[in-house]
Amino acid sequence: MKKLNIYDNIDKSGDEKVKEQTYIIENCDTFEPKDIFECGQCFRWNKQEDGSYIGIFGNNVLKVKKEDNKIIINGICIKNIEDVVKQYFDLNRDYKKIKSQLSKIDDNMKMSIKYGKGIRILNQELWETIISFIISANNNIPRIKGIIEKLSKKYGNEIIFQNKSYYTFPSVDELSRASVKDLRELGLGFRDVRVYETTKLIKEKKVDLQELKKEKDFNKVRNILLTLPGVGPKVADCILLFSTLKRWEAFPIDVWVRRVMNELYIHNPEEAKVKKEEIEKIAYEKFGELAGIAQQYLFYWKREA
DNA sequence: ACCCAGGGTCGTC
DNA sequence: GACGACCCTGGG
């Protein structure tokens, strides 16, 4: 039997195509597409005219649509869609419990959770998350999305879904083909060298991502990430929280989180002068091991409202 | 037209 | 440790 691969469905001469699969989540009180895709953790999900979202991760292109009290997910998946969806959307985690725990902390948390009640933290591929958040530095979301799209179109692979082309995020080898100049021309700006150098370090296994996945110690993993050009404290924490590394202790502090933490808990009239350490201290005291997800509720709440 | 900010990091002082 | 520079785009 011929093994299916992602190229089969774009081979116009071949008969064999990767079939669409469907998976339905029945109980969706802890799954709201808008909250998940617009809370700032991912850059490759786009809202469609019918209100659904289409996104690409790994070699999968999926459409996520909420209908009544159901979430209907369908699209191109090489593996079993149920496994893929459960892993990516972290469906085995009990968000009801997490939300009730955090709601008890104070009214601020209660309100932010009420606002972003359907947030889930995705399990995104480590390599893609590293590059994506290096690109995010001092940048705005529309431009970040645009750059990642251009990178994928130029260096990734095409997948056809419902007569439209989508492009996988380039692998380490694929992105290694890009020179600094290529990256600059794609609009990365000063991040070109950072992406180039980081790609090189990972390709040469000076930083071995497979080894990194096995490391248990939070600070060890974080310190290794910090050796990558373009990865500072904020980006490292985003990688730790939003990728398959999935460290909920990570508490990324960006302008929005600084703003909301100061507003709610610190009340310093000179927000810029609030020390990062002070914010972290309050975060761990209040949210403990749930700091990361708490950060995401606060971020989403403050940025949208 | 002009200015500012955007999910920060890096080199320099 | 603080401070400015950094590429580029969208919004006021």
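Remember, it's a predicted structure, so these values are computed and weren't measured experimentally. As a basis for the values below, the full set of heavy atoms in this structure was taken, side chains included, without hydrogen atoms, waters or symmetry mates. Letters A, B, ... are given to chains in the order of the sequence lines, protein chains preceding strands, and every chain is numbered from 1.
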Find the distance A/Ile141:CD1 to C/dC8:C1' and express it as a whole number of Å.
16 Å
Calculate the interatomic distance between A/Glu185 atom CD and C/dC8 atom P; express it in whole Å.
11 Å
In this structure, how many angstroms lie between the P atom of B/dA5 and the CD1 atom of A/Ile144, rounded?
17 Å
Within 6.0 Å of NZ in A/Lys117, more than 12 heavy atoms from elsewhere:
no
Just checking A/Pro229: base, sugar-phosphate only, or nothing, at a heavy-atom cut-off of under 4.0 Å?
sugar-phosphate
Which value, in whole Å, describes the distance between the P atoms of nucleotides B/dG7 and C/dG12?
14 Å
If C/dC6 has a Watson-Crick or G-U wobble mate with both distances under 3.5 Å, name it; if not, just say none.
B/dG8
Please work out if A/Cys42 contacts a base, only the sugar-phosphate, or nothing of the nucleic acid, heavy-atom cut-off 4.0 Å.
nothing
Once you apply a heavy-atom cut-off of 4.0 Å, does A/Tyr300 come out as touching a base, just sugar-phosphate, or nothing?
nothing
On DNA chain C, nearest-nucleotide positions of A/Asn138 versus A/Pro142: which is more 5'?
A/Asn138
For the NZ atom on A/Lys213, are there more than 12 heavy atoms of other groups (residues, nucleotides or ligands in this structure) within a distance under 6.0 Å?
yes
Tell me: CG of A/Leu186 to P of C/dC7, nearest whole Å?
17 Å
So A/Gly40, base contact, sugar-phosphate only, or nothing? Heavy-atom distance under 4.0 Å.
base
Between C1' on C/dC8 and CZ on A/Arg194, what's the gap in Å once rounded to a whole number?
14 Å
Of all the choices, C/dA2, C/dT9, B/dG8, which nucleotide is nearest to the side chain of A/Phe190 once you look at every atom?
B/dG8
For A/Ile134 and B/dC10, what is the distance between atoms CD1 and C1' respectively, to the nearest whole Å?
13 Å
Value in whole Å for how far the P atom of B/dT9 lies from CG of A/Asp254:
10 Å
Give one of base, sugar-phosphate or nothing for A/Glu277, where a contact means two heavy atoms less than 4.0 Å apart.
nothing
Measure CD1/A/Ile135 against C1'/B/dT9 and give the value in whole Å, please.
14 Å
Would you check if there is a donor-acceptor pair between the side chains of A/Asp182 and A/Ser179 at a distance under 3.5 Å?
yes
Please classify the nucleic acid contact of A/Arg258 as base, sugar-phosphate, or nothing, using heavy-atom distances under 4.0 Å.
nothing
The side chain of A/Ser136 lies closest to which of these nucleotides: B/dG7, C/dC7, B/dG6?
B/dG7
Mind checking whether A/Phe43 and A/Phe133 have ring centres under 6.0 Å apart?
yes
Quick one: label A/Arg191 by what it contacts on the DNA or RNA (base, sugar-phosphate, nothing), any heavy atom closer than 4.0 Å.
base
Ignoring the backbone of A/Arg184, work out which of C/dC8, B/dT9, B/dG6 is nearest its side chain.
C/dC8
Assess whether side chain to side chain contact (heavy atoms under 4.5 Å, CB included) is satisfied between A/Lys246 and A/Asp90, documenting all intermediate values.
CA-CA 10 Å; A/Lys246 205 36 90 258; A/Asp90 211 17; 4.2 Å; yes
For the rings on A/Tyr115 and A/Tyr297, is their centre-to-centre separation under 6.0 Å?
no
Taking the same atom, P, in B/dT12 and in C/dC7, what whole-Å distance lies between them?
15 Å
Counting heavy atoms from C-beta on, name the nucleotide in B/dT9, C/dA2, C/dC7 closest to the side chain of A/Arg143.
C/dC7
Classify the nucleic acid contact of A/Phe299 as base, sugar-phosphate or nothing, counting any heavy atom under 4.0 Å across all strands shown.
base
